[in-house]
There are 2 protein chains.
Amino acid sequence: MKTPLAVLPIGRDLGGLPLYRAVKRSLLQRIESGEMAPGQAMPNETELALRFGVSVGTLRRAVDDLVAEHIVVRRQGRGTFVATHTADRFLFQFFHVERSDGLREAPVVELVSFERTRLDDEAAEALALKPGLQALAIDHRLRLQGKAVVHDRVVLPAHLFRGLTEKRWRDRPGTVYQLYQSEFGITVVRAQERLRAVGADRTAARVLGVAAGQPVLQVRRVALALNGLPVEWRISTVVTAQHDYVNLLSRHEVRGSDR
Amino acid sequence: MKTPLAVLPIGRDLGGLPLYRAVKRSLLQRIESGEMAPGQAMPNETELALRFGVSVGTLRRAVDDLVAEHIVVRRQGRGTFVATHTADRFLFQFFHVERSDGLREAPVVELVSFERTRLDDEAAEALALKPGLQALAIDHRLRLQGKAVVHDRVVLPAHLFRGLTEKRWRDRPGTVYQLYQSEFGITVVRAQERLRAVGADRTAARVLGVAAGQPVLQVRRVALALNGLPVEWRISTVVTAQHDYVNLLSRHEVRGSDR
DNA sequence: CCCAATTTGTTCGTATGTATA
DNA sequence: TTATACATACGAACAAATTGG
């Protein structure tokens, strides 16, 4: 016999909102709140349907949406799990640089610097925060096949990453997004990037070993968490002499945002 | 009483293939073959389900996939239609340049040149064809708010676009993808782009009115048709002084390819 | 190796709601 | 108003994958 679990409220009135959307929202809230943690199995479908007081089909419809948004993953015969960030997912969804001949591989990341600083105007705007707020600025060099190809500057608002030190950053076992998730409860689910071509500035030129002024690709990214709020600002500089930024225009948009 | 319509075969044996995938494939084939043309309404769901000999739920599942891939569109109360290329869709799915302050608008397109030529090695490789095949090369200048921002070079294999003349190109009412679809039965559904930063070459510099060698963004795109075959090769050069190439990393991949 | 329990995946059928013409 | 078509919701049955005995 399973533990007798509480009935889950779907949310007050749902004004015209389809039932499955209400269920989805409720599930999302439970995930955001940490009640169902990443990696953890959710109750099974019939169980959840029972608790929500909806049919299995309706419950499945709600979960379908979460699966499409990479927020949960289903495994036949095993269960449904709150999605964890993996190196694979990071590579696939957030790392777009590959060699011009199509060779794709994980970059080797070197830490260049880790500083406490304050948000400049651009970072503040991107993060929807006030300029001058305490922040962390972390620089990396990324190598592909030994070649220095990308310079990354990551800017994090300090109040979201309390207790983050250079050592913890350095010693993280996986990707930085895995670190955000496991150590700070921040799950990055989507991002917006803006790209432009510029002449390499001194920092990038030094870190990447190219001449200042040489054309490089600059990628500005703001990463958004589960709750839709921006949590990371990043400027990547890419040497595109032998590498490209690839973009597949074959993906699909989320149906309804709910955020 | 409806006309008594033929039973639709789903496809011989379906070895382990779920029924809804077989139905989807069958629908796709009918669309590719032109049996159901763009803009045209498909038979309604119960009708289709009946003809395929499956339940409405299964039929809907198949159509769901096609909707997700933008191959058909559903309109409640009206019907399900084979998708047509529209200016909106083109802008949203295939045009990624906007002003750095976020202003997004349709570009004004000027024809610069229209030539008959032959596939060079790079174009041939991208199009999976042999170098030297007859082709059309068409150059454009795109303006945003009056500013020349993009230079486009479109390369089309002549055998797919028989009878395409400069006049027909010039006189098309909508986007070029609408032209491909309505005049040549070619529906572009997805594309792959590779981006790099380079110094502006002479052509681009002339067309865009920038100094040669100035950093510009170069976008190489191969566009794929419904059947998955490449049909267009394009190199765009973007002046990113006041504009960005934007990319939303929030979209989702297609489940199973079927192609 | 096989069997049984568990969980998601697929398919069916039906009823009712909502948007459109 | 009426008819049509898609949208939502329900419930049930069986298939397929996984795990553990």
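Quantities reported herein were computed from a predicted structural model and do not represent experimental measurements. Chain identifiers are assigned alphabetically (A, B, ...) following the order of the sequence lines, protein sequences preceding nucleic acid strands; residue numbering begins at 1 within each chain.
- Not one side-chain nitrogen or oxygen of B:T80 sits closer than 4.0 Å to the OP1 or OP2 atom of D:dA5.
- Remark: A:S182 engages no residue in a side-chain hydrogen bond (donor to acceptor under 3.5 Å, both in side chains) (not counting sequence neighbours).
- Nearest to the side-chain atoms of A:N44 among the listed nucleotides C:dG9, C:dT7, C:dT10 stands C:dT7.
- Taking atom CG of A:L50 as the reference point, atom C1' of C:dT7 lies 15 Å away to the nearest angstrom.
- C:dT10 atom C1' lies 14 Å from atom CG of B:D64, rounded to whole Å.
- Remark: A:Q192 engages no residue in a side-chain hydrogen bond (donor to acceptor under 3.5 Å, both in side chains) (not counting sequence neighbours).
- We find that CD of A:E45 is positioned 17 Å from P of D:dA13, with the value rounded to whole Å.
- A:R143 meets the side-chain contact (heavy atoms from CB on, under 4.5 Å) test with A:V108, A:E110, A:R141, A:A148; sequence neighbours excluded.
- The salt bridge (charged side-chain N to carboxylate O under 4.0 Å, His left out) check on B:R162 picks up nothing, with sequence neighbours excluded.
- Checking the phosphate oxygens (OP1, OP2) of D:dA7, a side-chain nitrogen or oxygen of B:R60 falls inside 4.0 Å.
- Close placement of the B:F94 and B:Y177 rings is indicated, their centers lying within 6.0 Å of each other.
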Inset, instruction - Produce a footprint string for nucleotides 12-21 of chain C: one letter per nucleotide, 5' end first; B if the base is under 4.0 Å from any protein heavy atom, S if only the sugar-phosphate is, - if neither. - result: BS---BBBBS
Mind listing the N/O atom pairs, protein and nucleotides 2-5 of chain C, below 3.5 Å?
none

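- Remark: the B:N44 side chain and the B:T46 side chain contain an N/O donor-acceptor pair separated by less than 3.5 Å.
- Residue B:T46 is out of contact with every strand shown, counting any heavy-atom pair closer than 4.0 Å.
- For D:dA9, neither phosphate oxygen OP1 nor OP2 lies less than 4.0 angstrom from any side-chain nitrogen or oxygen of A:R61.
- Atom CZ in B:R74 sits roughly 11 Å away from atom C1' in D:dA5 (whole-Å rounding).
- In the helix from C:dC2-D:dG21 to C:dA21-D:dT2, the rotation axis of the first five pairs and that of the last five pairs differ in direction by 20°, rounded to 10 degrees.
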Could you give the side-chain donor-acceptor pairs of residues 71-83 of chain B under 3.5 Å, partners two or more places apart or in another chain?
residue	atom	partner	partner atom	Å
B:R74	NH2	B:D64	OD1	2.1

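- With sequence neighbours excluded, the residues satisfying ring pair (Phe, Tyr, Trp, His ring centres under 6.0 Å) with A:Y245 are A:H96.
- For A:R60, the side-chain hydrogen bond (donor to acceptor under 3.5 Å, both in side chains) partners two or more places apart in sequence, or in a different chain, are A:E45.
- For B:F81 and D:dA5, the CZ to P distance is 10 Å, given to the nearest whole Å.
- B:L17 places its CG atom 15 Å from the C1' atom of D:dA15, with the value rounded to the nearest Å.
- Checked against side-chain hydrogen bond (donor to acceptor under 3.5 Å, both in side chains), A:Y180 has the following partners two or more places apart in sequence or in another chain: A:E232.
- The salt bridge (charged side-chain N to carboxylate O under 4.0 Å, His left out) test applied to A:E183 returns A:R168, not counting sequence neighbours.
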